[in-house]
Q: 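Pasting a structure here, questions to come.
Only this structure's heavy atoms are used, side chains among them; waters, hydrogens and symmetry mates stay out. As the structure lists them, so they are numbered: ligands from 1, and atoms in each ligand from 1.
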Amino acid sequence: MDAEQLWQEVLSQIKPNISQANFATWFNNTRIESIEDEGVIVAVPNSFAKEWLEQKYHKDILKILYSLDSNIKNISYTVVPVSATKKIQKKEEKKTDVLAEQLGFSELDVDKDTNLNPKYTFDNFITGPFNEMAYAASMAIIEEPGKSYNPLFIYGGVGLGKTHLIQATGNKIKEKFPDKKIKYIPAEKLISTIVNAIRNQNIEELKRRLREIDLLIVDDIQFIAGKDKTQEEFFHTFNSLYQKNKQIILSSDRHPNNIPAITERLKSRFEGGMIADINMPDFETRLAILKQKSEEKGVIIQEDILEFVANNIQKNIRELESALNRLVIYKKANKELLLEDAKKILKSIISPVMKVTSHKKIIDTITSFYDIQGGNMFTTSRKKEFSKPRQIAMYLIKKELKMSYSEIGRKFGGKDHTTVIHACQLVEKSYQEDEQTRQEIDLILQRIYSE
Ligand code: ADP
Ligand code: MG
């Protein structure tokens, strides 16, 4: 059976067992990306589908695949945006380098040698308490590559400047040490390069080339999770570079401890140098970023508007930028931009589309997410497998529906309002502090509003 048939078979077995809406939400635009020695790589259209398949359907999918082909022992999921999937389907015969396209390699300004994009520099990089550690570590590396922190591992949420920082560092080192061999590689590209090299039996050649590098920068290394072959090869490359005091810089959307399915030895390598995080910038820094970026664009936007944006857009720098872009375009076209205009222009970014849900929907989603019987939501059982979903349900009903604590207590079989308050505080705390819980709750929310 080829990949296509294999996946069709999986889909046809899953479909009758889940709701149509679920099927459409989580399985549309999925396919088998490639089949490797003992596993398959499944392409999914976005990271929610990825996490959802990993968390909810993984066992079922594996069971079916294994029943069809007992060589298949594991599955990993990789995000391939739909546009890229369509392109692949369209161009398959033409053998264009779709992957390169999809990874942004066809971007014209990218340096052919290093893969670095010269647009990322320190001149347009703002520092503040949110990124000062990562920034300072990068500066130390620019001073003496390979000597201070090796590897430098930078992690933080999307849109907070990881790619910008590591590319700027690469560009700076290139400027300072023009003879050094520098390579910037997004992990996804590294993975596909290694997989192809294994398939084409030129892995030795690839290894040799990787080992000649003086500065290796791998972006979004979290994608290596579950990719055993790549981890294996990367581990050896890593050691060889490390032993020769060659600098390695890695970025990830999370701490090495929270990357699932990486081997212990690789994790301890990641942790063996310097780990620095990047957080969300505070209000002052957000304002500074907006000021600098509007200056770069040659447009002056009044202070109260910038403050409005800095106050209301707190997710990441990329969103700040896109909000600013909208304002800049408006201002250029209309000459005048008032706070009232700005509020209108940014309305759709700032106040999310009206959300509607019900406590029943929240409870149902959570019981199915954690695979528990609905009735267990309303018992007094203290077993964690029931108490956790129950507490999350209370928390989300409070948060999303603004119901009173006593009312929520009544919905959960007449619990006291103090019990509900306690539950909400507990969940809020773990939402803040525990990556796993945060991911679960975000997935649940996505699910609640996706149907
Ligand atoms: P990440 O890799 O963490 O997802 P990026 O590096 O792609 O984030 O940053 C998102 C956008 O925000 C980019 O356009 C980048 O230039 C800009 N940006 C990020 N951090 C900063 C910063 N400290 N100063 C100025 N611009 C920044
Ligand atoms: Mg990035």
Q: Return the closest protein heavy atom for atom 7 (O) of ligand 1 as residue, atom name and distance.
A: Arg318 NH2, 2.7 Å

Q: May I ask you to determine how many protein N/O/S atoms are under 2.8 Å from the Mg ion (ligand 2)?
A: 1

Q: Identify, for atom 26 (N) of ligand 1, the protein heavy atom at the shortest distance, and state residue, atom and that distance.
A: Lys293 NZ, 2.7 Å

Q: Do Lys73 and Glu36 meet the salt-bridge criterion of a basic N to acidic O distance under 4.0 Å?
A: no

Q: Near Gly157, which atoms of ligand 1 are under 4.0 Å from a heavy atom of that residue?
A: 3 (O)

Q: Check whether the ring centres of Phe153 and His255 lie less than 6.0 Å apart, and answer yes or no.
A: no

Q: For a salt bridge (Lys or Arg N to Asp or Glu O under 4.0 Å) with Asp214, tell me which candidate from Lys183, Lys174, Lys246 qualifies.
A: Lys246

Q: side-chain hydrogen bond (donor to acceptor under 3.5 Å, both in side chains) for Asn196 and Thr193? Distances and angles first, verdict last.
A: CA-CA 5 Å; Asn196 285 334; Thr193 308; over 6 Å; no

Q: Please write down residue, atom name and distance for the protein heavy atom closest to atom 12 (O) of ligand 1.
A: Ile317 CG2, 3.3 Å

Q: Which pairs with one or both residues in residues 125-135 pass side chain to side chain donor-acceptor pair (under 3.5 Å), sequence neighbours excluded?
A: none

Q: Counting non-hydrogen protein atoms only, what is the nearest one to atom 14 (O) of ligand 1? Give residue, atom name and distance.
A: Glu321 OE1, 2.7 Å

Q: Measure the distances from the heavy atoms of Gly159 to every atom of ligand 1 and state whether one is below 4.0 angstrom.
A: yes

Q: Could you tell me whether Ile300 atom CD1 has more than 12 heavy atoms of other residues or ligands within 6.0 Å of it?
A: no

Q: Hey, which atoms in ligand 1 end up nearer than 4.0 Å to a heavy atom of Asn131?
A: 23 (N)

Q: What distance separates Arg286 CZ from Asn312 CG, expressed to the nearest 0.5 Å?
A: 9.0 Å

Q: Which residue holds the protein heavy atom closest to atom 23 (N) of ligand 1, what is that atom called, and what is the gap in Å?
A: Ile126 O, 2.7 Å

Q: Is there side-chain contact between Tyr370 and Ile444, with heavy atoms separated by less than 4.5 Å?
A: yes

Q: Which is closest to atom 3 (O) of ligand 1 in terms of heavy atoms, Lys162, Glu296, Lys119?
A: Lys162

Q: Can you name the atoms of ligand 1, numbered from 1 with element, that are less than 4.0 Å from a heavy atom of Val158?
A: 4 (O)

Q: Any idea how His58 and Tyr77 line up, ring-wise: parallel (<30°), tilted (30 to 60°), or perpendicular (>60°)?
A: perpendicular

Q: Just one of Leu320, Leu287, Leu327, Ile289 clears the side chain to side chain contact (heavy atoms under 4.5 Å, CB included) bar with Leu306, so which one?
A: Leu287

Q: Which ligand 1 atoms does Asn124 reach within 4.0 Å, using its non-hydrogen atoms?
A: 24 (N), 25 (C), 26 (N)

Q: Looking only at protein heavy atoms, which one is nearest to atom 15 (C) of ligand 1, and how far off is it?
A: His164 ND1, 3.4 Å

Q: For atom 8 (O) of ligand 1, which protein heavy atom lies nearest, and how many Å away is it?
A: Gly161 N, 3.0 Å

Q: Is the number of heavy atoms from other residues, nucleotides or ligands within 6.0 Å of NZ (Lys344) greater than 12?
A: no

Q: Set out, in order, the CA-CA distance, both residues' side-chain angles and the distance that settles side-chain hydrogen bond (donor to acceptor under 3.5 Å, both in side chains) for Asp434 and Gln436, then state yes or no.
A: CA-CA 6 Å; Asp434 175 45; Gln436 171 84 25; over 6 Å; no

